[in-house]
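Data first, discussion second: the structure below is written as structure tokens.
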Amino acid sequence: MPGRRARSRPDRHNGSITMASTGIPRGKVTVIGAGIVGICTANYLLKQGFAVEVVDPALPGSEEQCSFGNAGGICPGSCIPNSMPGVLRNVPKWLMDPEGPLIVRLAYLPHALPWLLRFLAASRKPRVEEISAAMRSLHRYTFECYEPLIKAAGCEDLLQKRGQLFVHETADGPSKGAYGLGLRREHGVKVEILDADEIRQLEPALAPIFKSAVYLPEQGQCPNPGRLVAKLAEHAARQGARFIRAKVLGFDMGPNGPSALRLEGGGRMPVETVVLCAGAWSGDLARKLGDHIPLESERGYHIMVRSADTGLRIQTISADRKFVASPMEDGLRIAGNVEFAGLQAPANMNRADVLLKQARPMFRKLEVGEVTRWMGHRPGTPDSIPVIDRASRAKNVIYAFGHGHQGLIGGAVTGKIVSQLAAGLPPAIDLTPFRADRF
């Protein structure tokens, strides 16, 4: 098996990820976390012949999970980090705006500051270009890795390939983001620049306030991320995966790493191989294994306008106001903004109401009736890419967390890669950018 820093050649055929399963029964893998990353990992481990158990206090697909509240983008062309050149100029403006896309609660600032400084350091152009390449390497196979799982689970309606639209309220909007567009094109992402008339032809539901747009025709969306997680979990259960509703608090350690999980309430659960993909709670568990990885909850909000009949077909991002409008099975989901307040502070649902206020002018028609509000914990690293690696002191633990805003996009690819690592096979992509000790 490759060492932690070894650069592995992708195991590919005709530009796609291949996965050879021996058919030989393997050992048991315990997956901590039943969000989209954990559920995809469980399914791919089953394909490799492992016995699989999944531990999470939340029901897969329930609103207690971050995956439930995702805006729904499944985008192989996602390769733009959150921290870009010039971000330092924008942060003070965002922080001073009560309706801006970034909020740090004052009491939490001392805790968040080291992460935020690393975030700013990641905005240097050479680092941005490394991160962008890593993001594209992980995400480019998202359709290929989702499609067999979705087909087997009988929920092919949950992957729609309609593209993704970034709209601007000025005619020169795309030119202001020329650096990001250049990164996309460099990585083979198809980009189209639209004027006001072309926006109306593509997406007539939008109000005429938008003067220019960037359209990414090869992207996709999921109209119900919670149902996707639930259906994939049901499929894993039919294949023999065992689900345990419990919270993991720590580990009993053996010579190679954890020999058992310590569960809330005093229980113990024996383990052989462990995959840690517990979202924003992964950082604390990784510390108990000896790895100090900067992971913050990038608290995100959404508001669902039930049965909203806007006519919107394509997931649309307001490039100026930094929020996403997604057509969902149950109506319109408006999602976005980032709040730093930790895992324990109560939600401030005014942040969700701000999203609705900002989105109202976006549409020609938006009748607001029943609404629901939600807040979830995105597991964010400062450089926008996850940790996919073996623990430094626990050789029977594989890390797969820190996907931040990209969990739905990277879930299936990460699951396949983790199954390859667990089976001792070469990973499908070079994992050097995702190593745990890069910070």
Considering only distance and modelled atom types, tabulate donor-acceptor pairs under 3.5 Å from the side chains of residues 226-233, sequence neighbours left out.
residue	atom	partner	partner atom	Å
Arg227	NE	Glu329	OE1	3.3
Arg227	NE	Glu329	OE2	3.3
Arg227	NH2	Asp157	OD2	2.6
Arg227	NH2	Glu329	OE2	2.4

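Closest non-hydrogen pair, Ala71 versus Gln315, comes out as O-NE2, 3.0 Å. When all heavy atoms of Gly33 and Val54 are compared, the pair lying nearest together is O-CG1, 3.6 Å. The shortest heavy-atom contact between Pro427 and Ile417 is CB-CG2, 4.2 Å. When all heavy atoms of Leu183 and Ser132 are compared, the pair lying nearest together is CB-OG, 4.0 Å. Here the closest non-hydrogen pair linking Ala58 and Gln65 is CB-CG, 4.0 Å. Nearest heavy atoms, Val305 versus Val368: CG1-CA, 4.1 Å.
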Q) Is there a side-chain contact (heavy atoms from CB on, under 4.5 Å) between Tyr141 and Lys416 once you walk through the steps? A) CA-CA 10 Å; Tyr141 300 110; Lys416 178 171 273 194; over 6 Å; no
Q: Check the pair Leu138 / Ile385 against side-chain contact (heavy atoms from CB on, under 4.5 Å), numbers first and verdict last.
A: CA-CA 9 Å; Leu138 182 68; Ile385 53 176; over 6 Å; no
Q: Assess whether side-chain contact (heavy atoms from CB on, under 4.5 Å) is satisfied between Leu149 and Lys47, documenting all intermediate values.
A: CA-CA 10 Å; Leu149 298 185; Lys47 285 177 174 285; 3.8 Å; yes
Q. Which is it for Ile244 and Thr30 under the side-chain contact (heavy atoms from CB on, under 4.5 Å) test, yes or no, and what are the steps along the way?
A. CA-CA 10 Å; Ile244 300 97; Thr30 302; over 6 Å; no
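Contact check for Ile398 versus Leu276: no side-chain heavy atoms found under the 4.5 Å cut-off. Ser419 is not listed as a side-chain neighbour of Phe50, based on a closest heavy-atom distance of 4.5 Å or more. Side-chain contact between Met362 and Val167: present, with at least one pair of heavy atoms (C-beta onward) separated by less than 4.5 Å. No side-chain heavy atom of Val37 sits less than 4.5 Å from a side-chain heavy atom of Phe401. Contact of the Gln160 side chain with the Pro223 side chain is registered, since non-hydrogen atoms from C-beta on lie closer than 4.5 Å. Considering only heavy atoms from C-beta on, Leu431 comes within 4.5 Å of Leu421 through its side chain. Side-chain contact between Arg373 and Val371 is present, with heavy atoms from C-beta onward closer than 4.5 Å. Side-chain contact check for Leu102 versus Asn90: every heavy-atom pair is 4.5 Å or farther apart.
Annotation: the span from Ile317 atom CD1 to Gln164 atom CD amounts to 4.0 Å, rounded to 0.5 Å. The CZ atom of Arg351 lies 8.5 Å from the CD atom of Glu99; values are rounded to the nearest 0.5 Å. To the nearest 0.5 Å, atom CD of residue Glu129 and atom OH of residue Tyr179 are 3.5 Å apart. Here the CZ atom belonging to Arg118 is positioned 11.0 Å from the CG atom belonging to Leu116, to the nearest 0.5 angstrom. Atom SG of residue Cys145 and atom CZ of residue Arg140 lie 12.0 Å apart, to the nearest 0.5 angstrom. Taken to the nearest 0.5 Å, the OG atom of Ser318 stands 10.5 Å off from the CG atom of Leu165.
Tyr399 contributes no side-chain N or O that, together with a main-chain N or O of Ser282, makes up a donor-acceptor pair within less than 3.5 Å. Gln239 places no side-chain N or O within donor-acceptor distance of the main-chain N or O of Asn43, the cut-off being under 3.5 Å. A donor-acceptor pair is defined here as one N or O able to donate and one able to accept, closer than 3.5 Å; no such pair exists between the side chain of Glu339 and the backbone of Ala347. Using modelled atom types, no side-chain atom of Arg299 and backbone atom of His377 make a donor-acceptor pair closer than 3.5 Å. Formation of a donor-acceptor pair under 3.5 Å by the Asn256 side chain with backbone atoms of Lys395 is not found in this model. With Arg136 contributing its side chain and His187 its backbone, the two residues share a donor-acceptor pair below 3.5 Å. Arg162 places a side-chain N or O within 3.5 Å of a backbone atom of Arg313 that can act as its donor or acceptor partner. A donor-acceptor pair under 3.5 Å is absent between the side-chain atoms of Asn82 and the main chain of Ser384, judged by distance alone. Arg124 places a side-chain N or O within 3.5 Å of a backbone atom of Ala121 that can act as its donor or acceptor partner. Checked by atom type and distance alone, the side chain of Glu264 never pairs as donor or acceptor with a backbone atom of Lys247 at under 3.5 Å.
A cation-pi arrangement, defined by a distance under 6.0 Å to the six-membered ring centre and an angle within 45 degrees of its axis, is present between Arg333 and Phe68. A cation-pi contact, defined as under 6.0 Å to the ring centre and within 45° of the axis, links Arg184 to Phe166. Geometrically, Lys161 engages Phe143 in a cation-pi contact defined by less than 6.0 Å to the ring centre and at most 45° from the axis.
Remark: Glu63 CD is loosely packed, at most 12 non-hydrogen atoms of other residues, nucleotides or ligands lying under 6.0 Å away. Residue Arg393 places its CZ atom among 12 or fewer non-hydrogen atoms of other residues, nucleotides or ligands, all under 6.0 Å distant. Other residues, nucleotides and ligands place more than 12 heavy atoms under 6.0 Å from the CZ atom of Arg268.
Between Arg378 and Glu298, none of the side-chain N atoms (NZ, or NE/NH1/NH2) sits under 4.0 Å from a carboxylate O, so this pair counts as no salt bridge. The pair Asp383-Arg438 meets the salt-bridge criterion, with a side-chain N (NZ, NE, NH1 or NH2) lying under 4.0 Å from an Asp/Glu carboxylate O. The residues Lys288 and Asp284 are annotated as salt-bridged, a charged nitrogen and a carboxylate oxygen being separated by less than 4.0 angstrom.
Qualifying ring-ring contact (aromatic ring centres under 6.0 Å, His included) partners for Phe119, counting only residues two or more places apart in sequence or in other chains: Trp115.
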